[in-house]
2 protein chains.
Amino acid sequence: MFVSMTDRKKEILSLAQALFREKGYAATSVRDIAAAAQVEPASLYSHIKGKEELLDAICFEMADKFLKAIGEVNDIYFDAVQKLAMAVKNHIQLLTEHPDASVVFLRDWRYLSDDRKDEFIKLRDRYEEGFRAIVRKGVDEGAFNEVDVRFAALTILSSLNWVVEWYHEEGKLQPNEIADQLTKFVLTGLQKELPVTYGLVTN
Amino acid sequence: MFVSMTDRKKEILSLAQALFREKGYAATSVRDIAAAAQVEPASLYSHIKGKEELLDAICFEMADKFLKAIGEVNDIYFDAVQKLAMAVKNHIQLLTEHPDASVVFLRDWRYLSDDRKDEFIKLRDRYEEGFRAIVRKGVDEGAFNEVDVRFAALTILSSLNWVVEWYHEEGKLQPNEIADQLTKFVLTGLQKELPVTYGLVTN
DNA sequence: CATGGATACGAACATTCGTTAGGCAAATAT
DNA sequence: ATATTTGCCTAACGAATGTTCGTATCCATG
């Protein structure tokens, strides 16, 4: 992560991520970050232009990762169910691989400057559109129920995103298992299919 | 809301809610709230003990509402599916009826003081336990798939909570319609049940 | 050896922060 | 009519905020 950067700067970004996640961007001071980096506050400015650059880097790096992930899915897979499964898997993969950055990405992007925030929202919408496209494809092909596409895509993403709130690496569930369970949940829901009664044709 | 309070204090709390929602608790200053109330900052302290009292009131008022809602559900309804439908309906009802307070409740509770935060988390866990109980009941009765109860309850709540991010009162979907769609989604998922082939007994 | 970038420092800046003190006028209660 | 409460004011406090300035040290490259 954070390519084309000094090692020290990457380190600072990494520390900032953790602090932003823990306390929130607005409640994290430059002095907090400096303390974490074991450096005087002023020294940070040898590496960064300002506090917002840190937030900016985190948000747009993650946006880039998510967009690449959904791009691959829509390039490679054909079946809507397969696409969805892969999109979920990639999404969970990113959330669990970069838990700090993900929380900041999901929660603190609105502290970006107005211009950058607008840009960010566009990227996020492109990502959501990736999910909408999958749902739409599923509906068109008759594989999915005729749901409101926008509504469904947002609901799916919602159920995925909360994972960062309770996921810990020590936990018993592995990212792929989480993804599998979520995919199954999204596709078939909670309710058990009632077994077809012997001899009765229900259609 | 905010029973046993001066009208003026209720007004201030209402304004604070909107600001906290818009900018986040940490990024909202007492002066912002004072300006919204068209009053000098110092005047607020005739009504409140401090900034945190506002956050505290919002979080615990909402916690109370949510707990009452799930309490009713578990008192009245018997069937797990019915319980779930009602829990979802009540949850969406509260989210859409108090959108500002809900966002603060869901997002900014961690800026409570350590003591109050601990209390809050207990209440939140009791609410989640209400959902776990429903899922558990459904599994025990054979109505639901044999899912991880904790995992399922959190996923359901996640998919519900994101509603506050995109719900606007002008929108075409009414709270009850949102609740119905979400209930259906949670119960049966996205995938269309394949029609049973004529004459073939699939069980 | 000289140069320049990377990294860090102490000191200080202007602002903003949450909050307190003390007072004053209008509304309310006795 | 008097006393009390309510609501707001001006002024100011100390602390914390993000950031700038000028300088010093290290290290790799010319």
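Please read all numbers here as calculations on a predicted model, not as lab measurements. Order of the sequence lines sets the chain letters (A, B, ...), proteins ahead of strands, with each chain counted from 1.
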| request: State whether the number of non-hydrogen atoms from other residues, nucleotides or ligands found under 6.0 Å of Tyr77(A) atom OH is greater than 12. | output: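 Counting neighbours around OH of Tyr77(A), 12 or fewer heavy atoms of other residues, nucleotides or ligands fall under 6.0 Å, so no.
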Separation of [X] atom [atom1] from [N] atom [atom2], in whole Å?
| X | N | atom1 | atom2 | result |
| --- | --- | --- | --- | --- |
| Glu11(A) | dA8(C) | CD | P | 9 Å |
| Ile33(A) | dT19(D) | CD1 | P | 10 Å |
| Leu54(B) | dG18(C) | CG | C1' | 12 Å |
| Arg31(A) | dC17(C) | CZ | C1' | 13 Å |
| Lys10(A) | dT7(C) | NZ | P | 12 Å |
| Asp7(A) | dT7(C) | CG | C1' | 13 Å |

Using modelled atom types and a 3.5 Å cut-off, is there a donor and acceptor pairing between side-chain atoms of [X] and backbone atoms of [Y]?
| X | Y | value |
| --- | --- | --- |
| Asp108(B) | Tyr25(B) | yes |
| Arg132(B) | Arg126(B) | no |
| Asn145(A) | Leu190(B) | yes |
| Thr188(B) | Lys184(B) | yes |
| Asp56(B) | Glu53(B) | no |
| Asn161(B) | Leu157(B) | yes |

On the six-membered ring of Phe105(B), is Lys65(B) placed so that its NZ or CZ lies under 6.0 angstrom from the centre and within 45° of the ring axis?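 Ring-cation test returns no.
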With respect to the side chain of Arg8(A), which nucleotide from dT17(D), dG7(D), dT7(C) is positioned closest?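 Closest nucleotide to the Arg8(A) side chain: dT7(C).
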### Task
Drop me the distance from Asp32(A)'s CG to Phe20(A)'s CZ, to the nearest 0.5 angstrom.
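Answer rounded to 0.5 Å: 9.5 Å.
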### Message
Once rounded to the nearest 0.5 Å, what's the spacing between atom CG of Asp140(A) and atom NZ of Lys137(A)?
### Response
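If we round to the nearest 0.5 Å, Asp140(A):CG and Lys137(A):NZ are 8.5 Å apart.
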- Donor + acceptor pair across side chains of Thr183(B), Asp180(B) (<3.5 Å):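 The answer is no; no qualifying pair exists.
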Handout entry: Within residues 39-52 of chain B, residues whose heavy atoms come under 4.0 Å of DNA chain D
Key =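 Val39(B), Glu40(B), Ala42(B), Ser43(B), Ser46(B), His47(B) - these, ordered by number, are the residues of the stretch whose heavy atoms sit under 4.0 Å from the strand.
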Going 5' to 3' through nucleotides 23-30 of chain C and flagging B where a protein heavy-atom sits under 4.0 Å of the base, S where only the sugar-phosphate is that close, and - otherwise, we get --------
Which atom pairs, one a donor and one an acceptor, fall under 3.5 Å between side chains of residues 38-50 of chain A and the rest of the protein, sequence neighbours left out?
residue	atom	partner	partner atom	Å
Ser43(A)	OG	Glu40(A)	O	3.3
Ser46(A)	OG	Ser43(A)	O	3.4

request  = Mind checking side-chain contact (heavy atoms from CB on, under 4.5 Å) for Ser158(A) and listing every partner two or more places apart, or none if nothing turns up?
outcome  =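 Result, side-chain contact (heavy atoms from CB on, under 4.5 Å) vs Ser158(A): Trp162(B).
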* To do: May I ask you to verify if any side-chain N or O of Thr6(B) is less than 4.0 angstrom from the OP1 or OP2 atom of dT6(D)?
  =>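 No.
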Phosphate-side-chain proximity, Ser29(B) and dC17(C), N/O vs OP1/OP2 below 4.0 Å: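 Yes, because at least one side-chain N or O of Ser29(B) sits under 4.0 Å from OP1 or OP2 of dC17(C).
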_With Glu129(B), the side-chain hydrogen bond (donor to acceptor under 3.5 Å, both in side chains) member among Arg124(B), Arg136(B), Arg150(B)_ =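 Answer after filtering Arg124(B), Arg136(B), Arg150(B): Arg136(B).
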Query - Residue-level proximity of residues 109-116 of chain A to DNA chain C when a heavy atom falls under 4.0 Å - result: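 None - not one residue of the stretch has a heavy atom sitting under 4.0 Å from the strand.
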How bent is the helix from dC1(C)-dG30(D) to dT30(C)-dA1(D), comparing axes over its five end pairs at each side, to the nearest 10°?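 Angle reported: 10°, given to the nearest ten degrees.
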